Amino acid sequence: MDTAFDDGIMQRMEAGDFVLIPPGTVHSHRYDAEFPHEGLCLRWRVTRREGAAADEIAVYDKLMRLKDWAPTPLRDEIGLGERLEKLLGESEAGEQAVFLQMSFVRLLLRLSESAASSTRRAHPYAEKFSNGLVRKVDIFLGDLQDRELDVKLLAASLHLSYAHVAREFKRHTGRTILQRMTEIRLNKAIDLLLHSDLSMREVAEQAGFSSAYYFSRVFKATQGVNPTRYRAEGVQPEASNGQESQYAEPLY
């Protein structure tokens with residue numbers, strides 16, 4: 001199997017290889033039908049609880065090192081495969097969930113120790129992860145045809161919680177996902193206003209606004225004039241005070 005990340009360069013994965021893919025990383029796989037393979041994909045989430053003791057915080061910090069390890073196929077030289085097989089066997093045997101979780105944490109800590117000593121770690125790539133997340137959110141919003149943004153669907157498409165997606169998006173763009181969605185829809189509406197004969201209701205509908213009235217309010221708040229005047233003038237006036245719109249459609 002071949003796999004690629006942000007740079008689009010395919011890297012070969014052989015039997016016994018593994019790869020860590022941090023949340024939000026843009027990636028793709030290519031399979032060779034002549035060489036079928038079997039593999040295991042695991043997803044996990046690490047959270048730090050309020051009032052955690054010092055030793056718990058230390059474990060949390062060690063596990064978070066895994067986010068900084070550049071995704072690239074690596075040979076399993078620390079027995080990850082054997083540990084996972086043992087863990088799955090314990091699960092099938094009916095072992096209690098708390099003991100399975102402890103075993104899995106020990107496995108991740110072993111992997112974290114390997115990451116800490118690996119010469120293949122690459123901190124700069126951590127920034128690319130979030131940039132990839134921003135691009136994926138933009139693609140999702142641009143392809144959104146419905147009038148409503150389903151945050152659960154967005155989060156599921158990225159295999160992340162919506163809270164994490166929203167926080168990272170705001171951190172890297174300086175605006176909320178709702179503000180970005182409104183911006184995308186306004187840009188589409190402007191294009192329709194200038195290059196079509198659609199009515200205001202049709203422009204609002206095709207741009208993704210819930211009503212012509214709501215569209216007109218948002219448009220004037222951001223562009224300084226209503227859409228009818230904007231179309232008549234054919235020239236984009238300055239936005240009022242250069243401020244972003246505070247309007248946001250409700251989430252469902």
Side-chain angles (χ1 to χ4, degrees), residues 1-6 10-31 35-130 132-133 136 155-165 167-168:
M1 181 182 79
D2 296 323
T3 187
F5 300 97
D6 278 357
M10 285 291 175
Q11 303 179 62
R12 190 68 177 176
M13 288 193 68
E14 305 288 351
D17 289 351
F18 74 95
V19 62
L20 285 176
I21 307 177
T25 305
V26 178
H27 62 284
S28 61
H29 302 297
R30 183 172 62 198
Y31 302 94
F35 300 95
H37 72 282
E38 293 183 352
L40 181 64
C41 176
L42 294 176
R43 296 189 178 96
W44 66 88
R45 179 180 302 165
V46 179
T47 58
R48 177 174 166 178
R49 70 182 182 86
E50 294 185 11
D55 57 343
E56 292 178 295
I57 295 175
V59 170
Y60 174 83
D61 290 341
K62 288 181 180 179
L63 294 179
M64 294 305 289
R65 293 175 186 167
L66 297 174
K67 294 178 61 178
D68 296 334
W69 200 0
T72 186
L74 298 172
R75 297 297 299 173
D76 178 11
E77 299 176 348
I78 58 176
L80 286 179
E82 295 178 1
R83 292 168 184 257
L84 283 173
E85 287 184 6
K86 180 180 179 182
L87 184 62
L88 292 174
E90 293 173 345
S91 177
E92 292 180 351
E95 184 61 87
Q96 295 183 28
V98 63
F99 292 111
L100 294 175
Q101 289 176 343
M102 292 176 61
S103 295
F104 188 60
V105 168
R106 285 194 292 269
L107 183 152
L108 294 181
L109 286 173
R110 179 67 185 91
L111 187 57
S112 176
E113 293 170 1
S114 176
S117 61
S118 174
T119 59
R120 303 183 74 171
R121 275 177 91 212
H123 287 283
Y125 207 93
E127 187 67 20
K128 287 188 176 181
F129 298 156
S130 294
L133 182 146
K136 292 176 81 171
S157 72
L158 298 173
H159 308 295
L160 296 167
S161 70
Y162 180 72
H164 177 77
V165 174
R167 183 171 57 251
E168 288 298 300

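Everything numeric here is computed off the predicted structure, so don't read it as measured data.
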Assess the residue pair Arg167 and His164 against the criterion (side-chain contact (heavy atoms from CB on, under 4.5 Å)); give the C-alpha distance rounded to whole Å, side-chain angles, the decisive distance to 0.1 Å, and a yes or no. CA-CA 5 Å; Arg167 183 171 57 251; His164 177 77; 3.4 Å; yes
Passes side-chain contact (heavy atoms from CB on, under 4.5 Å), Leu84 versus Leu42? Steps please. CA-CA 10 Å; Leu84 283 173; Leu42 294 176; 3.3 Å; yes
With side-chain contact (heavy atoms from CB on, under 4.5 Å) as the test, would you mind laying out the steps for Trp44 and Leu66 before giving the verdict? CA-CA 12 Å; Trp44 66 88; Leu66 297 174; 4.2 Å; yes
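For the residue pair Phe104 and Leu87, the shortest heavy atom distance occurs at CD1-CD2, 3.7 Å. Scanning both residues, Ser161 and Ala155, for their nearest heavy atoms gives C-CB, 4.0 Å. Taking both residues in full, the closest heavy atoms of Leu160 and Arg45 are given as C-NH2, 4.3 Å, listed atom of the first, atom of the second, then distance. In this structure, Leu63 and Ser112 approach most closely via the heavy-atom pair N-OG, 4.2 Å. A pairwise comparison of heavy atoms in Phe18 and Arg75 identifies CE2-O, 3.5 Å as the closest pair.
Side-chain N or O atoms of Ser103 include one that pairs as donor or acceptor with a backbone N or O of Phe99 at under 3.5 Å.
From Met64, atom CE reaches atom CD1 of Ile57 across 13.5 Å, with rounding to the nearest 0.5 Å. The distance from atom CD of Glu85 to atom CD of Glu82, rounded to the nearest 0.5 Å, is 7.0 Å. In this structure, Leu80 CG and Asp17 CG are separated by 11.5 Å, a value rounded to the nearest 0.5 Å. Atom CZ of residue Arg83 and atom CG of residue Leu108 lie 10.5 Å apart, to the nearest 0.5 angstrom.
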